[in-house]
A.B. asks: 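The structure follows.
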2 protein chains.
Amino acid sequence: MKRSAGRAGDAHAIAERIHAAAIRLLRRLRKTDAASGLSGPKSSALSVLVFGGPQTLKDLAAAEQVRAPTMSRLVAELEGEGLATKTADKDDKRALRIAATAKGRALLEAGRDRRLDVLTRQVERLGGTERKVLRRAGEILARLNKEG
Amino acid sequence: MKRSAGRAGDAHAIAERIHAAAIRLLRRLRKTDAASGLSGPKSSALSVLVFGGPQTLKDLAAAEQVRAPTMSRLVAELEGEGLATKTADKDDKRALRIAATAKGRALLEAGRDRRLDVLTRQVERLGGTERKVLRRAGEILARLNKEG
DNA sequence: ATAGTTAGTTAGCAAAGCTAATAATATCGA
DNA sequence: TCGATATTATTAGCTTTGCTAACTAACTAT
């Protein structure tokens with residue numbers, strides 16, 4: 001503990017910086033959405049389906065931290081574009097089994113790559129130390145986000 | 001999926017993680033907006049006014065990475081709520097001088113604190129090392145966001 | 001059997017982003 | 001100087017994404 005930057009104010013300042021950085025990062029990346037044909041929320045939901053496997057609308061909504069009606073519409077749009085399928089659950093006929101199609105998987109890859117391209121290239125240009133900082137920060141934030 | 005990713009895949013994976021973390025973080029924080037009476041975009045714009053001083057609509061829009069009409073509306077709302085003022089520039093009568101009011105400054109503090117409260121407390125609970133990682137990540141991301 | 005719960009949808013609203021078009025003012029070049 | 005071009009901001013109108021409330025269908029438990 002060499003550097004004594006006030007402990008409490010420190011946490012607040014860090015939260016502010018992370019907050020501001022997240023806002024500006026997403027605004028920046030959103031600009032490429034038009035080209036990909038897959039908006040941020042749809043891309044994100046599809047990503048959950050691809051990497052997390054088929055699941056119910058409720059679970060998908062929870063994973064995306066969004067209400068059921070919002071996810072219901074997103075899924076309907078994904079389905080309309082042939083990127084996801086809805087099938088009734090065998091055991092519980094109320095529930096849906098929502099899955100990504102092959103087309104969805106392919107478009108996801110392309111869209112995400114495009115969306116993340118600028119950021120990826122910026123990260124590539126960083127030195128190993130800074131890159132490591134970002135990787136660890138990503139892990140920490142993911143954990144905090146899960147927490148609640 | 002590779003486990004020991006090389007340099008290139010590394011950058012991509014880091015970009016993905018940071019991206020996902022930012023999305024989920026903002027969704028999480030947005031939930032407290034209703035209570036504060038100051039939405040994310042308004043809070044952010046007001047913040048620029050408070051910490052960056054009075055400025056034109058064009059500059060404010062640029063700082064927030066948003067188009068002029070969008071910022072025009074946000075400022076009109078802030079003005080309607082008595083949180084900011086618009087005055088014609090002395091030298092250039094086309095331009096506006098947009099400034100935060102005392103009420104705006106006060107509300108900003110309260111709103112931002114509330115919005116960031118959960119995150120601040122999470123950061124407080126982190127160890128010094130992880131806290132340092134987040135602080136440095138915030139700095140790095142701010143730099144990358146500025147870049148482009 | 002029926003009362004209550006849970007999963008999903010529909011309808012309707014608000015916020016925040018965009019583009020295109022317009023008004024008012026500045027600036028520049030012939 | 002004055003007319004053409006730039007710039008600054010606004011208005012109108014559209015889209016996307018979020019929400020709540022109210023509904024149907026299906027499951028669970030008493």
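Letters A, B, ... mirror the listed sequences (proteins, then strands); counts begin at 1.
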A.B. asks: Let me know the distance between CD1 of B:I23 and C1' of D:dG18, rounded to the nearest Å.
C.D. replies: 15 Å
A.B. asks: Distances under 3.5 Å only, N/O to N/O: pair up the protein atoms with those of nucleotides 12-16 of chain D.
C.D. replies:
none

A.B. asks: Under the criterion side-chain contact (heavy atoms from CB on, under 4.5 Å), I'd like the reasoning laid out for B:I18 against A:V123: C-alpha separation, chi angles, the key distance, then a yes or no.
C.D. replies: CA-CA 11 Å; B:I18 291 290; A:V123 173; over 6 Å; no
A.B. asks: Can B:L126 and B:Q122 be said to form a side-chain contact (heavy atoms from CB on, under 4.5 Å), step by step?
C.D. replies: CA-CA 7 Å; B:L126 294 178; B:Q122 285 183 321; over 6 Å; no
A.B. asks: OP1 or OP2 of C:dA7 less than 4.0 angstrom from a side-chain nitrogen or oxygen of A:T56, does that happen here?
C.D. replies: no
A.B. asks: Tabulated below should be each protein N or O lying under 3.5 Å from an N or O of nucleotides 24-30 of chain D; please produce it.
C.D. replies:
residue, atom, partner, partner atom, Å
D:dC27, OP1, A:K93, N, 2.6

A.B. asks: Of the listed nucleotides (C:dC18, D:dC19, D:dA9), which one gets closest to any side-chain atom of B:A95?
C.D. replies: D:dA9
A.B. asks: For B:L96 and B:Q55: C-alpha separation, side-chain torsions, deciding distance, then whether side-chain contact (heavy atoms from CB on, under 4.5 Å) applies.
C.D. replies: CA-CA 8 Å; B:L96 288 179; B:Q55 51 200 290; over 6 Å; no
A.B. asks: Does the side chain of B:T85 pick up a donor-acceptor pair with the side chain of B:E79 at under 3.5 Å?
C.D. replies: no
A.B. asks: What are the two closest non-hydrogen atoms of A:L74 and A:K42, and how far apart are they?
C.D. replies: CD2-CG, 3.9 Å
A.B. asks: State the syn/anti category of D:dA4 according to its glycosidic angle, syn meaning within 90° of 0.
C.D. replies: anti
A.B. asks: So, the side chain of B:T87 versus the backbone of B:R97: is there a donor-acceptor pair under 3.5 Å, distance only?
C.D. replies: yes
A.B. asks: Is it true that B:R135 and A:D10 make a salt bridge, defined as a side-chain N closer than 4.0 Å to a carboxylate O?
C.D. replies: yes
A.B. asks: Check the pair A:E64, B:R24 against salt bridge (Lys or Arg N to Asp or Glu O under 4.0 Å), reporting the backbone distance first and the verdict last.
C.D. replies: CA-CA 7 Å; A:E64 288 297 275; B:R24 285 171 177 74; 2.9 Å; yes
A.B. asks: Starting at atom CG of B:L74, determine the distance to atom P of D:dT10, rounded to an integer number of angstrom.
C.D. replies: 12 Å
A.B. asks: With a 3.5 Å distance limit and no angle check, can you tell me whether A:K86 reaches the backbone of A:L57 through a side-chain donor-acceptor pair?
C.D. replies: no
A.B. asks: If you compare every side-chain N and O of A:S72 against the phosphate oxygens of C:dT9 (OP1, OP2), does one of them come in below 4.0 Å?
C.D. replies: yes
A.B. asks: Need the bend value for the helix from C:dA1-D:dT30 to C:dA24-D:dT7: angle between end axes, 5 pairs each end, nearest 10°.
C.D. replies: 10°
A.B. asks: Carefully, step by step, assess A:L38 and A:L83 under the rule side-chain contact (heavy atoms from CB on, under 4.5 Å).
C.D. replies: CA-CA 10 Å; A:L38 203 54; A:L83 307 175; 3.9 Å; yes
A.B. asks: Would B:R143 and A:E130 pass as an ion pair if we require N to O under 4.0 Å?
C.D. replies: yes
A.B. asks: Calculate the interatomic distance between B:M71 atom CE and C:dA16 atom C1'; express it in whole Å.
C.D. replies: 11 Å
A.B. asks: May I have the distance from B:I98 (atom CD1) to D:dT10 (atom C1'), rounded to whole angstrom?
C.D. replies: 12 Å
A.B. asks: To the nearest angstrom, how far is B:R67 atom CZ from D:dT7 atom C1'?
C.D. replies: 15 Å
A.B. asks: Roughly how many Å is it from CG in A:L96 to C1' in C:dT6, rounded to a whole number?
C.D. replies: 13 Å
A.B. asks: According to a strict under-4.0 Å criterion, is B:K86 in side-chain N/O contact with OP1 or OP2 of D:dT10?
C.D. replies: yes
A.B. asks: Is a donor on one side and an acceptor on the other found under 3.5 Å between the side chain of A:K58 and the backbone of A:A95?
C.D. replies: no
A.B. asks: Please state how far atom CG in A:L26 lies from atom C1' in C:dA16, giving the value in whole angstrom units.
C.D. replies: 15 Å
